[in-house]
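Just below is one structure, and these are the notes that go with it.
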Amino acid sequence: MTFKNAYLAEVMETVIKRNPAEPEFHQAVKEVLESLEPVVERHPEFVKTGIIDRMVEPERVIYFRVPWVDDSGKVQVNRGFRVQFNSAIGPYKGGLRFHPSVYAGIIKFLGFEQVFKNSLTGLPIGGGKGGSDFDPKGKSDQEVMRFCQSFMTELQRHIGADTDVPAGDIGVGGREIGYMYGQYKRLRNEFTGVLTGKGLTYGGSLVRTEATGYGLCYFTEEMMNAAGKSFKGSTVVISGSGNVAIYATEKAYQLGAKVVALSDSSGYIYDPEGIKLDTVKQIKEVERKRIKEYLNYHPNAEYFEGCGGIWSIKCDIALPCATQNELDEEAAKALVANGCFAVAEGANMPSTPEAVEVFLKNGVLFGPAKAANAGGVATSALEMCQNSMRYSWTFEEVDAKLKNIMVDIYKNSAAAAKEYGHEGNFVVGANIAGFMKVAKSMYAHGIAY
Ligand code: NDP
Ligand code: 2IT
């Protein structure tokens with residue numbers, strides 16, 4: 001244990017004991033608790049009222065059976081989860097992940113991170129996360145629809161526009177949100193903003209599709225500008241080729257950079273002339289095929305099996321946008337050796353703690369996920385706002401609000417880092433800035449004796 005503070009060490013020990021065999025959750029909690037050392041010294045009232053002891057325990061965990069019938073008539077059973085982590089500053093808010101690797105530890109880590117991220121947006125949203133071990137890959141639209149309907153049949157009794165508002169994450173995009181929204185409406189006979197990431201014809205917000213990737217680049221540009229750097233003329237490597245990666249690529253190009261690599265869980269493509277994004281959108285968004293198909297359109301590009309090698313490509317800026325722990329110490333060293341000067345996390349917790357250490361020690365500008373990818377959930381909160389008003393803003397209006405939010409997140413994280421003696425360390429800064437608003441709210445709400 002690396003804690004100097006005995007109280008924080010004890011909280012960490014309890015988390016490990018109470019949540020055995022959930023290493024991703026332990027990792028996420030440890031990173032935040034390490035950042036809070038200077039805060040607990042300055043705010044003994046948070047220790048006395050058990051704010052942190054309470055924050056590491058979800059308010060509610062819902063775990064349910066999701067039975068559905070596949071195209072051959074066979075009954076399939078998956079597990080559904082919703083972790084309602086913290087509602088101190090607003091209704092629970094956070095995505096749903098459909099991926100075979102989903103289990104309680106993944107959803108808890110994501111839900112915990114979401115609490116601080118949502119606080120950083122400056123908007124009134126609490127933290128939650130959910131999902132299933134269902135694998136949408138290779139399933140027909142009908143199978144996905146039947147699964148989503150069964151999933152929502154249980155989830156609907158736990159959520160609501162003022163209670164808990166889910167959205168997308170890995171494996172959950174517009175198609176899945178549509179099926180789930182349809183089922184919610186059917187069961188509840190109400191038309192409310194209970195999900196975000198909805199289609200534009202039934203209450204979705206412009207820019208929500210692009211928001212996480214665009215927001216990531218707005219944050220990164222702000223962080224780089226403060227250090228005299230920018231996307232303009234830079235070479236960028238982005239992992240993943242899903243929602244976040246595609247729109248990070250689009251914005252990086254708009255800001256004057258060249259993106260040379262993208263990946264999926266099978267491998268990565270390298271196109272030194274610059275990835276042609278229209279081709280990637282066609283392969284991934286329309287055909288739902290593998291990134292390898294890119295070579296059928298652009299035979300001069302190269303394809304490599306296995307996704308880890310992508311970090312050995314020489315670049316100025318790296319944006320991991322696939323999944324947790326996809327960038328390890330060795331990859332971080334390779335990036336540093338190749339002159340990479342900025343890394344910002346589009347995915348949640350994509351860099352291992354050892355990799356983060358390498359970046360910070362070598363002076364790489366490092367934008368942690370909670371701050372850098374908060375544009376998705378921030379725009380979800382703007383979607384909630386428009387739904388409440390029964391009104392909608394233009395693309396330019398939402399995009400301008402998103403940009404302001406990302407600039408503010410950078411400034412607030414940088415300021416908190418400086419105030420607590422860690423100037424330039426945006427991991428510490430984002431964790432503290434996110435923590436303070438939630439802690440003050442929990443303190444104000446008191447505790448039942
Ligand atoms: P998508 O499902 O659209 O895309 C996920 C991408 O990551 C795919 O290219 C996928 O490849 C790859 N990937 C998934 N799991 C693995 C794995 N175990 N190993 C290697 N590659 C993998 O999801 P999103 O783009 O929405 O999400 C990507 C990341 O961004 C996640 O960490 C998510 O939590 C985070 N995020 C998403 C937000 C959003 O608004 N969507 C907001 C903030 C963060 P393959 O197709 O082969 O599985
Ligand atoms: O990790 C995330 O912030 C998301 N998947 C988006 C959550 C949301 O509610 O838009």
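As the structure lists them, so they are numbered: ligands from 1, and atoms in each ligand from 1. Computation of the quantities below employed the complete heavy-atom set of this structure, encompassing side-chain atoms and omitting hydrogens, waters and symmetry-equivalent molecules.
With respect to E383, the salt bridge (charged side-chain N to carboxylate O under 4.0 Å, His left out) criterion is satisfied by exactly one of K198, K93, R208: K198. Across M406, K251, Q254, K403, a single residue satisfies side chain to side chain contact (heavy atoms under 4.5 Å, CB included) together with C217, and that is K251. The only option from F134, Y179, F98, Y184 that meets the ring pair (Phe, Tyr, Trp, His ring centres under 6.0 Å) definition with F151 turns out to be F98.
Residue C321 has at least one heavy-atom neighbour below 4.0 Å for each of these atoms of ligand 1: 28 (C), 29 (C). Close approach to G94 involves these atoms of ligand 2, each under 4.0 Å from a residue heavy atom: 7 (C), 9 (O). For ligand 1 and S241, the ligand atoms under 4.0 Å from any heavy atom of the residue are 9 (O). Set against the non-hydrogen atoms of A347, the atoms of ligand 1 under 4.0 Å away are 29 (C), 30 (O), 32 (O), 35 (C). Listed by atom number, the atoms of ligand 1 under 4.0 Å from R290 heavy atoms are 45 (P), 46 (O), 47 (O). In summary, the atoms of ligand 1 found under 4.0 Å from a heavy atom of G240, numbered by their order in the structure, are 9 (O). Residue contact check: K117 has heavy atoms under 4.0 Å from atoms 1 (O), 2 (C), 3 (O) of ligand 2. Less than 4.0 angstrom separates some heavy atom of G346 from each of these atoms of ligand 1: 30 (O), 35 (C), 36 (N), 44 (C). Less than 4.0 angstrom separates some heavy atom of A167 from each of these atoms of ligand 2: 8 (C), 9 (O), 10 (O). Those atoms of ligand 1 with a heavy atom of R97 less than 4.0 angstrom away are 31 (C), 32 (O), 33 (C), 34 (O). Per-residue contacts place T212 under 4.0 angstrom from the following atoms of ligand 1 (heavy atoms of the residue considered): 38 (C), 39 (C), 40 (O), 42 (C), 43 (C).
We find that K281 and E250 are joined by a salt bridge, their nearest charged nitrogen and carboxylate oxygen being less than 4.0 Å apart. Between R82 and E154 no salt bridge is recorded (no basic side-chain N to carboxylate O distance below 4.0 Å). Salt bridge annotation for K258-D271: absent, with no cationic side-chain nitrogen under 4.0 angstrom from a carboxylate oxygen. We find that K129 and D169 are joined by a salt bridge, their nearest charged nitrogen and carboxylate oxygen being less than 4.0 Å apart. Taking the charged nitrogens against the carboxylate oxygens, D141 and R175 do have a contact shorter than 4.0 Å, which makes a salt bridge. Using a 4.0 Å cut-off between charged side-chain N and carboxylate O, D264 and K292 make no salt bridge. Taking 4.0 Å as the cut-off between side-chain N and carboxylate O, E329 and K333 count as a salt-bridged pair.
Some N or O of V244 is nearer than 3.5 Å to an N or O of ligand 1, by distance alone. The shortest N or O to N or O distance between K117 and ligand 1 is not under 3.5 Å. For the pair D264 and ligand 1, the shortest N or O to N or O distance does not fall below 3.5 Å. Not a single N or O atom of C307, backbone or side chain, sits closer than 3.5 Å to an N or O atom of ligand 1. Every N/O-N/O distance between S266 and ligand 1 stays at or above 3.5 Å. Residue G168 has at least one nitrogen or oxygen atom sitting less than 3.5 Å from a nitrogen or oxygen atom of ligand 2, judged on distance alone. At a 3.5 angstrom cut-off on N or O pairs, Q324 does not count as close to ligand 1. Of the polar atoms of K284, none of the N or O atoms is found under 3.5 Å from an N or O of ligand 1, judged by distance alone. When only interatomic distances are considered, the shortest N/O to N/O separation between K137 and ligand 1 falls below 3.5 Å. On a distance-only criterion, N348 and ligand 1 share at least one N/O pair closer than 3.5 Å.
The nearest heavy-atom contact from the protein to atom 7 (C) of ligand 2 is G95 N, 3.5 Å. Distance from atom 31 (C) of ligand 1 to its nearest protein heavy atom, with residue and atom name: A322 O, 3.3 Å. Scanning the protein heavy atoms around atom 33 (C) of ligand 1, the nearest turns out to be D169 OD1, 3.2 Å. Nearest non-hydrogen protein atom to atom 22 (C) of ligand 1 is S265 CB, 3.9 Å. What sits closest to atom 17 (C) of ligand 1 on the protein, heavy atoms only, is T323 CG2, 3.4 Å. The protein non-hydrogen atom at the shortest distance from atom 10 (O) of ligand 2 is S380 OG, 2.5 Å. Of the protein's non-hydrogen atoms, K93 NZ, 2.7 Å is the one closest to atom 9 (O) of ligand 2.
Within the 4.0 Å heavy-atom shell around ligand 1 one finds H99. Within the 4.0 Å heavy-atom cutoff, K129 counts among the residues contacting ligand 2. Using a 4.0 Å cutoff on heavy atoms, R208 counts as a contact of ligand 2.
No more than 12 heavy-atom neighbours from other residues, nucleotides or ligands sit within 6.0 angstrom of CG on D162. The neighbour count for R18 CZ, taken as heavy atoms of other residues, nucleotides or ligands under 6.0 Å away, does not exceed 12. Heavy atoms of other residues, nucleotides or ligands lying less than 6.0 angstrom from CD of E273 number 12 at most. The 12-atom threshold is exceeded at NZ of K276, counting heavy atoms of other residues, nucleotides or ligands nearer than 6.0 Å.
Atom CD1 of I409 is separated from atom OG of S119 by 9.5 Å, given to the nearest 0.5 angstrom. Here OH of Y103 is found 12.5 Å from CZ of R79. Values are rounded to the nearest 0.5 Å. Put simply, CZ on F395 and CG on L200 are 10.0 Å apart, with the number rounded to the nearest 0.5 Å. Summarising the geometry, atom CG belonging to D133 is positioned 6.5 Å from atom CZ belonging to F81; distances are rounded to the nearest 0.5 Å.
If you check each of I291, I170, L110, N243 against atom 41 (N) of ligand 1, the one with the closest non-hydrogen atom is N243. The option with the heavy atom closest to atom 2 (O) of ligand 1, from among P350, G242, P136, G171, is G171.
Distance screen at 4.0 Å: atom 10 (C) of ligand 1 has no protein heavy-atom neighbour inside the cut-off.
At a heavy-atom distance under 4.0 Å, no atom of E113 approaches ligand 1. When heavy-atom distances to ligand 2 are checked against a 4.0 Å cut-off, K370 has no atom that comes that close, whether in backbone or side chain. Counting heavy atoms closer than 4.0 Å to ligand 2, residue N348 contributes side-chain atoms (C-beta onward) but none from N, CA, C or O.
In this structure, K229 is positioned above the aromatic face of F341, its NZ or CZ under 6.0 Å from the six-membered ring centre and within 45° of the axis.
Taking the six-membered ring where the residue is Trp, Y218 and Y214 present perpendicular rings, their angle passing 60° and hence far from 30°.
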side-chain hydrogen bond (donor to acceptor under 3.5 Å, both in side chains) for Q183 and T153? Distances and angles first, verdict last.
CA-CA 7 Å; Q183 183 71 349; T153 300; 3.1 Å; yes
